[in-house]
Amino acid sequence: MTVESVKPDGIQASGLREPPLAGGGVPLLGHGWRLVRDPLAFMARLRDHGDVVRLKLGPKTVYAVTTPALTGALALSPDYKIDGPLWESLEGLLGKEGVATANGPRHRRQRRTIQPAFRLDAIPAYGSIMEEEAHALTVRWQPGDTVDGTSESFRVAVRIAARCLLRGDFMDERAERLCVALATVFRGMYRRMVVPLGPLYRLPIPANRDFNRALADLHLLVDEIVAERRASGQKPDDLLTALLEAKDENGDPIGEQEIHDQVVAILTPGSETVASTIMWLLQVLAEHPEHADKVRAEVESLTGGRPVGFDDVRKLTYTNNVVVEAMRLRPAVWILTRRAVTDTELGGYRIPAGADIVYSPYAIQRDGRSYRDNLEFDPDRWLPERVKEVPKHAMSPFSTGNRKCPSDHFSMAQLTLITAAVATKYRLEQVAGSDDTTRVGITLRPHRLLLRPVAR
Ligand code: HEM
């Protein structure tokens, strides 16, 4: 027993309480089997057990935070950092020196380097590429065809990220290769993160060979992109130039490995998250024709029939609210983790140094305690007069604090534009074989989205 020995009423010597143990654990496996079997339902029910609860994952104790206020406190507190088993397996695959997994002074320096490319006033420079890609999507589709919503969403997301942030002559062809590589890597990565059976993934079976080939191609592509930019001698005003010119804490140029890992660390979260959100937006347009019609009406009242453009985006308030509501109900990033760097507290509960903490934006954003008609798809809840009802930190799909997604404006602009472009040109229907139930992976997305575009 340590000095923090537990008093009979659960209050410890420090005056802080031990969080209650969540119900439903089983001997040996604890709550792990529930997390694997139905993670979304499990996370959504945790608040019934307390504001902070303990979970047993085998022999390990993990803390789960269940209220909007405490997720905000966690994200904003300096007592926690990015770390833990999930991050370690990510680093093993994608590299150790990128912004998404760095902490402390290195993380602050890396954020300063990438931030200008994502600032609100930098976004208009990407407008013409976003427009081109949004319209290319609708031109590629033919009325009556069956469209694979998964690969189409992935393609447009990767192409926009690659073409906007890493400008280059061959980016068109490279973006196609990036799509294939990233799609395969993401499929295999989640499995490797939640079921870390190392040797199994080295067996020479087709799934492992595909994964290894895709991962190698991703790293090779990034090397090619960097080498080509260097050889060109050009310095366009983009993220890649910012990375190539970046200096470390001593004022020296950053190393090759860090440049490489940074490009990977930006492309990977930037494609899967946006792609999954586009899939849900297409699903919403198919499942809620009444909202699709309103989006179309809003766009047409603004454009009078000309193709919707980037400059229209900030005036498309209803379309924007459809995007926000889709992100509330199906947040791409459904689980987040932190590790305590010191003995600390959350909501009056003791959190020991080294503890892993999880929370779920999915659970928070669907909670009936925060939202009236919580499971209804209602874009109007984001109208200025109603948005006040939403508790602080109850809607945070891009997170908050020092790890907040740098790309919120960049993402919202493209998501709104794509939704507007698709809804004005087509009505969407799901076809036989489509399965829009939620597939849990690194992000949430529909299992298999097959759509028929019908000309308006
Ligand atoms: C971080 C969500 C798009 C790059 C994050 C985090 C969230 C998030 C929740 C915080 C993770 C944490 O707290 O642990 C999203 C969503 C997106 C999106 C929902 C779109 C719908 C993008 C795009 C890019 C991007 C397009 C880049 C092109 C990053 C990076 C980080 C990050 C680099 C790490 C930031 C850091 O650790 O300082 N994102 N993201 N994201 N996102 Fe995004």
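Whatever order the structure lists them in is the order used to number ligands and atoms, beginning at 1. Starting from 1, each residue takes its place in the sequence as its number.
The distance from ligand 1 to the heavy atoms of Leu336 drops below 4.0 Å at these ligand atoms: 11 (C), 12 (C), 13 (O), 14 (O). Using a 4.0 Å cut-off to heavy atoms of Leu165, the atoms of ligand 1 that qualify are 28 (C). Interface atoms of ligand 1 facing Ala265, defined by a heavy-atom separation under 4.0 Å, are 33 (C). Short contacts between ligand 1 and His107, defined as distances under 4.0 Å to a heavy atom of the residue, involve ligand atoms 36 (C), 37 (O), 38 (O). The Ile82 neighbourhood of ligand 1 comprises atoms 14 (O), with distances under 4.0 Å to a heavy atom of that residue. Near Ile266, meaning under 4.0 Å from any of its heavy atoms, are these atoms of ligand 1: 27 (C), 28 (C). Heavy-atom contacts of Thr277 reach the following atoms of ligand 1: 21 (C) (cutoff under 4.0 Å). Close approach to Ser399 involves these atoms of ligand 1, each under 4.0 Å from a residue heavy atom: 9 (C), 10 (C), 13 (O).
Under the 3.5 Å distance criterion, with hydrogens and angles disregarded, no donor-acceptor pair is assigned to the side chains of Arg445 and Thr150.
Looking at Thr66, its side chain does come within 3.5 Å of a backbone N or O of Asp51 through a donor-acceptor pair. Checking side-chain atoms of Gln414 against main-chain N and O of Ala157 turns up no donor-acceptor pair under 3.5 Å.
Below the 2.8 Å limit, atom 43 (Fe) of ligand 1 has as protein N, O or S neighbours Cys405 SG.
Listed by chain and residue number, Glu325 satisfy the salt bridge (charged side-chain N to carboxylate O under 4.0 Å, His left out) test with Arg328 (two or more places apart in sequence, or in another chain). Annotation: salt bridge (charged side-chain N to carboxylate O under 4.0 Å, His left out) contacts of Arg314 (sequence neighbours excluded): none. Not counting sequence neighbours, Arg366 has no partner by the salt bridge (charged side-chain N to carboxylate O under 4.0 Å, His left out) test.
Scanning all protein heavy atoms for the shortest distance to atom 35 (C) of ligand 1 gives Arg111 NH1, 3.3 Å.
Selection from Arg338, Arg403, Met327 by nearest heavy atom to atom 14 (O) of ligand 1 gives Arg338.
Under the salt bridge (charged side-chain N to carboxylate O under 4.0 Å, His left out) rule, Asp356 has a single partner from Lys60, Arg54, Lys81, which is Lys60.
Relative orientation of the Phe186 and Phe154 rings is perpendicular, given thresholds of 30° and 60° on the angle between their planes. In this structure, His219 and His260 have parallel ring planes: the angle between them is below the 30° cut-off, well short of the 60° mark.
With rounding to the nearest 0.5 Å, the separation of CG in Leu182 from CG in Leu215 is 10.0 Å.
Using a 4.0 Å cut-off between charged side-chain N and carboxylate O, Glu376 and Arg381 make no salt bridge.
At a 4.0 Å cut-off, at least one heavy atom of Pro397 sits close enough to ligand 1 to count as contact.
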